Structures are given as C-alpha cells and as structure tokens.
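Right, one structure below, let's go through it.
We number each residue from 1, following the sequence as shown. For clarity, every value in this text was computed on a predicted model and none was experimentally measured.
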Amino acid sequence: MITIKEITSKGDLTTFVKFPFDLYKDSPYYVPSIIKEELDVMNPKKNPVFRNADAKYFLAYKNNTIVGRIAAIINWIEVNEQKKPKVRFGWFDVIDDIEVTKALLEKVREYGLQNSLEYMEGPVGFSNMDKAGILIKGYEELNTMITWYNYPYYAKHMELLDFEAAATWVEYKIRVPKQTKEKVIKFASVIKERYQLKLLKFNKSKEILQYADDMFDLLNKTYSSLQTFVPIQQYQIDMYKKKYLPYLNPEYITCIADKTGKLIAFSIVMPSFSKALKKMNGKVYPLRFLHILKAQRRNNTAAFYLIGVDPEYQNKGVTALIFKEMNEAFLRNGIEVVETNPELEENKAIQALWNGYEHEQHKMRRTFRKSL
C-alpha cells in the first residue's frame with residue numbers, strides 16, 4: 001500500500017532532502033546537492049521567493065519505507081502577471097514504481113485544483129533560475145551543480161501517465177582549442193574598436209558584486225521571449241549573489257561595457273564542482289569544503305553557466321570578445337572541456353555560438369505537462 005505524507009516538520013523536510021542520497025547511492029553519475037542549501041531553499045524564512053510563491057512537500061511510503069518525494073509549487077507572478085494558470089512540481093524523485101509516481105502527482109493535481117489552476121508542469125523549481133527538467137539523454141554523464149540527475153524510467157512514467165512534452169533543454173560538451181583562433185582574436189579586436197567597448201577585469205570575487213544587478217537585468221532582457229521565462233525579482237537577485245559568490249573565480253568572469261561604462265554583455269563560467277560535490281556528499285564541514293577550493297584552482301573541466309547580451313548588441317559579434325577572453329583563461333588554467341548549462345531547444349541563437357568549436361550535444365532534459 002502506498003501512503004503519501006505531507007511534510008509538516010523540520011525533521012521531515014530533512015528526510016525529504018536526503019531521500020535522493022539513498023535512491024542514487026549506487027550511481028556514479030549522481031551529484032548530490034548541499035543539504036543545508038536545499039533546506040534553506042525550502043525555508044520561507046530564508047528564501048525570499050516565498051514572497052511570490054507557495055509550496056507543499058510530500059513523501060511517499062510503501063511498507064513503511066520512503067519510495068518517493070515531490071514538491072507542489074505555485075509561482076504567483078507566473079499565475080497572476082503572466083496569466084499562466086500552472087501548478088509546478090519539482091524535487092521529484094521516485095523508485096521505479098509507476099503507482100508511486102501516480103500517487104505523488106495526484107497530490108500536485110489536488111493542490112492545483114484547490115487554487116483554481118488549469119495544468120501542472122515539471123519538474124521545475126520556483127523560478128527559471130532553479131533546476132528544471134527530467135533527464136532524457138545523458139544518463140552516463142555527471143550532472144552539474146545546477147541540474148538534477150534521474151534514472152531513465154522517469155520519462156517513461158510520465159508518458160505512461162499521459163503527460164505531454166513541454167519544454168526541452170539541450171546541453172553541450174565543448175573541447176577547448178589548443179590556442180585561441182587567430183580569426184577570433186582579429187574579429188574581437190574589430191568589434192571592440194567599432195563599438196568602443198571595454199573589458200572589465202576583476203581580481204577578487206567581491207569586485208563583481210557592483211555589476212551583479214546589471215547582469216541579472218541583462219538576463220531578463222536576453223531571455224524574456226523564451227517560453228519558460230519568469231522575471232527575476234530583486235530579492236531573488238540578492239539571494240543568488242550571496243549563494244553563488246563563494247563559487248566564483250574572477251578569472252572566469254567576462255564583463256563588457258560600452259563607452260559610457262554601461263554593462264552590455266557578460267558571461268559566467270565556473271570550474272566544474274561535480275566531483276567535489278560528490279566527495280562532499282551533501283555536507284559543508286570545513287574539511288569537506290576544501291574539495292570546492294581545490295576544484296576552483298585545479299581542474300580540467302569548466303561549466304558555462306550564464307551568458308547575457310543586451311538586445312541592442314545581439315548579432316553584432318560581441319560574443320567574440322567573450323570567447324576570446326574565456327579561451328585564454330582556459331588555456332592559462334589547464335581547462336580542456338567546457339559544459340554548457342541547459343539551453344532551451346528553441347534557443348538557436350545560443351546554440352549557434354558553439355558551431356565554431358568541436359562540440360557534442362551530450363545531454364537533454366524535458367519538462368512534462370498535463371491538464372488538471
């Protein structure tokens with residue numbers, strides 16, 4: 001018999017967060033999240049997203065053993081301002097038992113109906129800055145710190161329960177050239193001079209803070225036309241600055257300003273923390289955090305997390321400056337491979353950026369949707 005329990009205590013929430021550690025304990029590809037960070041994300045007192053969102057969390061039990069989890073989420077900006085009557089579901093993990101999946105999703109359906117919503121979609125987080133999508137390709141690849149991992153049967157469960165494909169993301173693995181291409185160097189120089197642009201250099205991660213709000217403003221402008229877009233709120237920006245600043249290596253941050261000093265493009269790349277996070281296994285004790293510090297300085301793999309370009313400068317070759325600076329940073333630091341973050345399949349402009357490099361589309365993930 002399957003029993004679904006709504007979480008009402010801090011202890012139960014910790015159990016909810018830790019369930020994937022047991023489910024994927026034998027998987028060499030699963031990269032665990034930091035337990036404390038996950039708990040903070042779900043805590044209305046610590047995550048400002050709850051100013052415009054609500055959530056419920058559920059655990060599934062079978063024979064007194066936990067066999068699944070799910071979060072039911074409503075982003076009220078999405079519902080009220082963007083007129084998308086959607087209940088989200090996320091933090092979805094389950095054993096290979098479709099009846100368990102069905103029972104968990106039924107709780108999401110009930111929550112959506114209670115709030116007069118029309119359809120459910122997931123897995124997603126609270127906003128488009130959170131993790132999203134069921135992995136449908138790349139099961140034998142390490143996930144990154146901003147993606148979920150899952151077993152192949154997840155997508156099969158969705159299809160058997162008559163869910164439709166919603167958004168699809170693709171991810172690429174890019175080989176770093178042994179040297180920066182001469183044509184990239186020349187083109188970057190031409191673009192820089194033509195538009196009177198200047199590169200902003202940073203020595204310490206704290207120096208980046210003064211441009212952080214402008215970066216998120218560019219993200220809103222860059223991705224506003226995409227189907228999953230939900231505007232990033234200022235209080236979320238403040239949280240992300242605090243959350244990710246410790247992971248940033250200034251050498252991998254490229255910012256470009258116009259002649260007035262206004263930020264018009266940026267990219268954020270980080271050394272891959274996947275192996276370090278596996279060694280930490282969800283904990284951040286000082287000795288375990290040394291794995292992160294080591295990954296920042298000694299690594300042959302990096303992850304391309306964010307890129308934003310002011311619409312006024314899109315299709316004008318500004319990305320040539322970004323790639324030139326990034327490639328030179330990679331060569332200085334021994335980076336051989338770069339993984340992209342998930343990119344919506346429809347976002348052909350971003351995917352076209354990798355055409356000049358040796359690349360492979362190695363992962364794909366998807367959200368699923370169903371009428372309530």
field: Worked verdict on Ile95 versus Leu23 for side chain to side chain contact (heavy atoms under 4.5 Å, CB included)
entry: CA-CA 7 Å; Ile95 65 169; Leu23 183 65; 4.1 Å; yes

Between [atom1] on residue [X] and [atom2] on residue [Y], distance to nearest 0.5 Å:
X	Y	atom1	atom2	result
Met270	Ile253	CE	CD1	7.5 Å
Lys370	Arg109	NZ	CZ	8.0 Å
Asn80	Asn75	CG	CG	9.5 Å
Lys294	Asn299	NZ	CG	12.0 Å
Trp354	Arg175	CH2	CZ	15.5 Å

What pair of heavy atoms forms the shortest contact from [X] to [Y], and how long is it?
X	Y	result
Ala302	Val269	CB-CG1, 3.8 Å
Phe126	Ala55	CE2-CB, 3.8 Å
Cys255	Phe266	SG-CB, 4.0 Å
Ala265	Leu218	N-CD1, 3.6 Å
Leu135	Gly138	CD2-O, 3.5 Å
Ala167	Leu344	CB-CD2, 3.8 Å

Taking side chain as C-beta onward, heavy atoms only, is [X] less than 4.5 Å from [Y]?
X	Y	result
Arg194	Lys316	no
Thr254	Phe323	no
Arg69	Ile7	no
Asn150	Phe92	no
Thr144	Tyr305	yes
Tyr119	Pro85	yes
Lys275	Leu142	yes
Ile98	Tyr153	no

Side-chain heavy atoms under 4.5 angstrom apart, residues restricted to Ile, Leu, Val, Met, Phe, Trp, Tyr: same cluster for [X] and [Y]?
X	Y	result
Val176	Val337	no
Leu321	Met326	yes
Tyr357	Ile185	no
Val309	Leu199	yes
Val124	Ile70	no

message: Using side chain to side chain contact (heavy atoms under 4.5 Å, CB included), reason through Glu339 and Lys363 one step at a time and then give a plain yes or no.
response: CA-CA 10 Å; Glu339 281 195 86; Lys363 295 179 190 174; 3.1 Å; yes

- request: Carefully, step by step, assess Tyr111 and Phe89 under the rule ring pair (Phe, Tyr, Trp, His ring centres under 6.0 Å).
  value: CA-CA 10 Å; Tyr111 188 50; Phe89 66 89; over 10 Å; no

task: Begin from the C-alpha positions of Glu171 and Arg365 and carry the test salt bridge (Lys or Arg N to Asp or Glu O under 4.0 Å) through to its verdict.
output: CA-CA 9 Å; Glu171 297 167 57; Arg365 60 189 70 245; 2.6 Å; yes

Just checking, any donor-acceptor pair under 3.5 angstrom between side chains of [X] and [Y]?
X	Y	answer
Trp148	Asn143	no
Lys131	Ser33	yes
His157	Asp97	no
Asp93	Tyr24	yes
Thr260	Asp258	yes

Check for a donor-acceptor pair, side chain of [X] on one end and backbone N or O of [Y] on the other, with a separation under 3.5 Å.
X	Y	value
Tyr154	Val94	yes
Lys137	Gln361	yes
Asn63	Thr65	no
Asn333	Ile335	no

Partners meeting ring-ring contact (aromatic ring centres under 6.0 Å, His included) with Phe16 (sequence neighbours left out): Tyr57

query: Which salt bridge (charged side-chain N to carboxylate O under 4.0 Å, His left out) pairs, counting each pair once, include a residue from residues 140-157, with sequence neighbours left out?
result: Glu141-Lys173

query: How are the rings of Tyr252 and Phe330 set relative to one another: parallel (under 30°), tilted (30 to 60°) or perpendicular (over 60°)?
result: tilted

- prompt: How are the rings of Tyr149 and Tyr29 set relative to one another: parallel (under 30°), tilted (30 to 60°) or perpendicular (over 60°)?
  reply: tilted

query: Do the ring centers of Tyr172 and Phe304 come within less than 6.0 Å of each other?
result: no

field: Criterion side chain to side chain contact (heavy atoms under 4.5 Å, CB included) on Ile2 and Lys102, from CA distance to verdict
entry: CA-CA 10 Å; Ile2 299 167; Lys102 184 177 181 181; over 6 Å; no

Short N-O contact, Glu99 and Lys62, less than 4.0 angstrom: no

message: What verdict does the side chain to side chain contact (heavy atoms under 4.5 Å, CB included) test give for Ile134 and Phe368, after you've listed the backbone C-alpha separation in whole Å, the side-chain angles of each residue and the deciding distance to 0.1 Å?
response: CA-CA 8 Å; Ile134 284 175; Phe368 291 84; 4.0 Å; yes

- prompt: Out of Leu263, Asp310, Leu197, which residue meets the side chain to side chain contact (heavy atoms under 4.5 Å, CB included) rule with Ile256?
  reply: Leu197

For [X], is the [atom1] atom crowded, meaning more than 12 foreign heavy atoms sit under 6.0 Å from it?
X	atom1	answer
Arg298	CZ	no
Lys278	NZ	yes
Glu164	CD	no

- request: Please say whether the positively charged group of Lys181, taken as NZ for Lys or CZ for Arg, lies over the ring of Phe187, i.e. under 6.0 angstrom from the six-membered ring centre and within 45 degrees of the axis.
  value: no

